[in-house]
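Here the structure is a predicted model, which is why all the values come from computation and not from measurement. These numbers come from the heavy atoms of this one structure, side chains and all, not from hydrogens, waters or symmetry mates.
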Amino acid sequence: MRWTQTLIPTLKETPAEAEIASHKLLLRAGLVRKLSGGLYTFLPLGLRALRKVEQIVREEMNRAGALELLMPALQPPEIWEKSGRYVTASGVFFKVRDRARKEWILGPTHEEVITTLVAGEINSYRQMPKNFYQIQTKFRDEIRPRFGLMRAKEFIMKDAYSFDTTDELAQVSYQKMYDAYGRIFQRCGLKAIAVEADTGVMGGKHSHEFMVPAETGENEVVYCEGCNYSANLEKATSRGPAIATHKLAPPATAPHHPEKFATPGVVTIEALSKEPHNVTAERQIKTLVYMVDSKLVLLLLRGDDQLNEAKLVATVGSANFRPATAEEIVAALGARPGSLGAVHVTKIPIYADSLLSDATDMTTGANEDGFHYRNVSITRDIGVTHWVDLRSVQLGEACASCGKPLKIQRAIEVGHVFKLGTKYSENLNALFLDESGKQQPAVMGCYGIGVTRTMQAIIEQSHDKDGIIWPLSVAPYRVCITPLGVVPGSAVMTLAEKIYAELSEKGVDVILDDRDERPGVKFKDSELVGFPIRIGIGEKSLAKGEVEVKLRGGELLPTKIEEVVAKVLELAKQ
RNA sequence: CGGAGCGUAGCGUAGCCUGGUAGCGCGGCUGGUUUGGGACCAGCAGGUCGCAGGUUCAAAUCCUGUCGCUCCGACCA
């Protein structure tokens, strides 16, 4: 490709809308342009990089035995009603109506469609296992699109769905995808790690997310350097905080009942931990009031812990919850937030974090404004209905499996693999006959990669102050030829044309910067766009019988003219 | 949806508080000088100041509404 014949609208200045490095570079390097919030046009250069990522995904899926197909983006709501997700997933739907006013859904994902297909086409254990995938545009009415392609209303996803006869074989399919994902991200030049993850609204039993460490990521990953443990913060567990609760023995003189005391104006854990009360946070019980499916529940945590809402969802089995309003709380407990507690509460379900299971000599609100109880023993004084895991792991806590201190790092989720079980196959009738002629639901897995997000994650992980540093495997062009003069017939331009023709002939992706621009402009642009290999040709180097081969990552390699094609072929090999 | 901020030329912005001529840089076009790291000179084009209403002799500026964008939260590839 000749630079003057394509469109690469690079920008010197960063558009105000971009906040993170990869978003700024997508715009500045002329890869994408925004049409509207969360909606982007891929310009020729951006599309080339995207196609490279797609091709890597395709090759690895094929290698893992998955079968490519293509499903409609427009879906009938009836199949979502069958799966039960018409209501639970309704928040993400873009809906449209046809001329008869019938409603259709722009597909946010395709479990319902693929399961409907399989229900019709696969009837015997002899036809399994099967794994189908597609690379296709998804539509999600995101509450807040952001960071360019990172979270968009419309994005390209690779989604795969496996169907097996047994749980054991489904595990094999899952492992194949897990391994393929590792290869895909590695080939994209990404450092990605697999972490245990929460299954969320997808349902299912078990899942891993593939995370790209990045400060700008929207997720937090808990990991251990002592063993291989790593998990999304939403899911992570530990041996608990450094100060254990069960070691807080009550003084021998303490009475065998809670003792009410006045705490005027004290409405936070922190305030209670200071003068004159001096009750440290780990000796307090934090009482939260939530509305879950329009019913009140009490959530108890140790004073220094944070509620993990993903764990709450897993615990109560509903994503339909919110903190109760002050009015609802006063009506139910008779006190305002800040003086709440669960002592003597009997009519409301009480979910307590397991960390409190043997807590004694604790302090908590007395459900009377301005008063707290001390000397609370949770098993003696509080009618806990459910002991559960509600707390978020904190930095430095001991790893549950090896005891080393846990670390926490922000990351971008680029892929997610789920074991789904038989939820969809049962609801949508994807049944097969086994060897004994018995009808059974297929055991499913589903596997997603955000292709557009992966492309941006590569930029986020691989750039410097001058621009993008594309890995060879996904660069829009592997080689950029930069003649410093473009006069037709000149020695410089003649050589540039010759090298361009030879590399093109050998099948190398190469772009010839034939713009009549000053050298500085061309150098800056080639670094901003981030071509892995640049061949600089100018009169100075030509006089020495050389051209300059420059790697975007660093080295400058003066190269004899007659050796340059062979050398670049070697460098551009993957 | 809750909270915060911002909408002025393709991009980045000044002007707004204190109402009266829309200004600058980048980019674009023409001509010239330049030519190994985002050149210089001269000239030119490009704006219903997001939109609608209101106040006023007069609105980019003040008021109301609305739409859009960005950031924090919930959602997720």
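By the 30° and 60° cut-offs, the orientation of the rings of Y174(A) relative to H208(A) is tilted.
The base of C76(B) is paired with the side chain of R453(A) by a donor and an acceptor separated by under 3.5 Å. Counting distance only, with no hydrogens placed and no angle test, the side-chain atoms of R518(A) and the base atoms of U34(B) include a donor-acceptor pair under 3.5 Å. Not a single donor-acceptor pair, N or O on each side, falls under 3.5 Å between the base of G36(B) and the side chain of E539(A). No N or O donor and acceptor, one from the side chain of R151(A) and one from the base of G73(B), sit under 3.5 Å apart.
Base engagement by G538(A) is indicated by at least one non-hydrogen atom pair under 4.0 Å involving a base atom. Heavy atoms of E142(A) sit under 4.0 angstrom from at least one base atom.
Taking the side chain of K12(A) as heavy atoms from C-beta on, and the options U70(B), A74(B), C26(B), the nearest nucleotide is C26(B).
In this model, the phosphate group of C69(B) is approached by a side-chain N or O of S36(A) to a distance below 4.0 Å at OP1 or OP2. Distances shown here put a side-chain N or O of R144(A) below 4.0 Å from the OP1 or OP2 atom of C71(B).
In this structure U21(B) sits in no base pair that meets the Watson-Crick or G-U test at under 3.5 Å. Partner assigned to G5(B) is C69(B), using Watson-Crick or G-U wobble distances below 3.5 angstrom. Base pairing annotation: A39(B) forms a Watson-Crick or G-U wobble pair with U33(B), both donor-acceptor distances under 3.5 Å. Judged by Watson-Crick or G-U wobble contacts below 3.5 Å, the nucleotide G53(B) has C63(B) as its partner. Base pairing annotation: C16(B) forms no Watson-Crick or G-U wobble pair, as no partner gives both donor-acceptor distances under 3.5 Å.
K540(A) has its NZ atom 10 Å from the C1' atom of U35(B), to the nearest Å. At whole-Å resolution of the value, CD in E220(A) and P in C75(B) are 13 Å apart. Between E517(A) atom CD and G28(B) atom P the separation is 7 Å, expressed in whole Å. If you measure from atom CG of L190(A) to atom P of A77(B), you get 18 Å, rounded to the nearest angstrom.
Side-chain atoms of T4(A) never come within 3.5 Å of backbone atoms of R2(A) as a donor-acceptor pair (strictly under, hydrogens ignored). Without hydrogens or angle criteria, D353(A) side chain to L390(A) main chain gives a donor-acceptor distance under 3.5 Å. With hydrogens and angles ignored, the 3.5 Å screen pairs no side-chain donor or acceptor of K560(A) with any backbone N or O of V564(A).
To the nearest whole angstrom, the two P atoms, one in A4(B) and one in U8(B), are 22 Å apart. Comparing the P positions of G7(B) and C16(B) gives a spacing of 13 Å, expressed to the nearest Å.
Remark on RNA chain B: of its neighbouring residues D516(A) and E13(A), the 5'-side contact belongs to E13(A), judged by nearest-heavy-atom nucleotide.
For the pair F523(A) and G36(B), the ring geometry does not qualify as stacking, because the centroid separation below 5.5 Å and plane angle under 30° are not jointly satisfied.
Side chain to side chain, Q456(A) and R453(A) fail the donor-acceptor criterion of an N or O pair below 3.5 Å.
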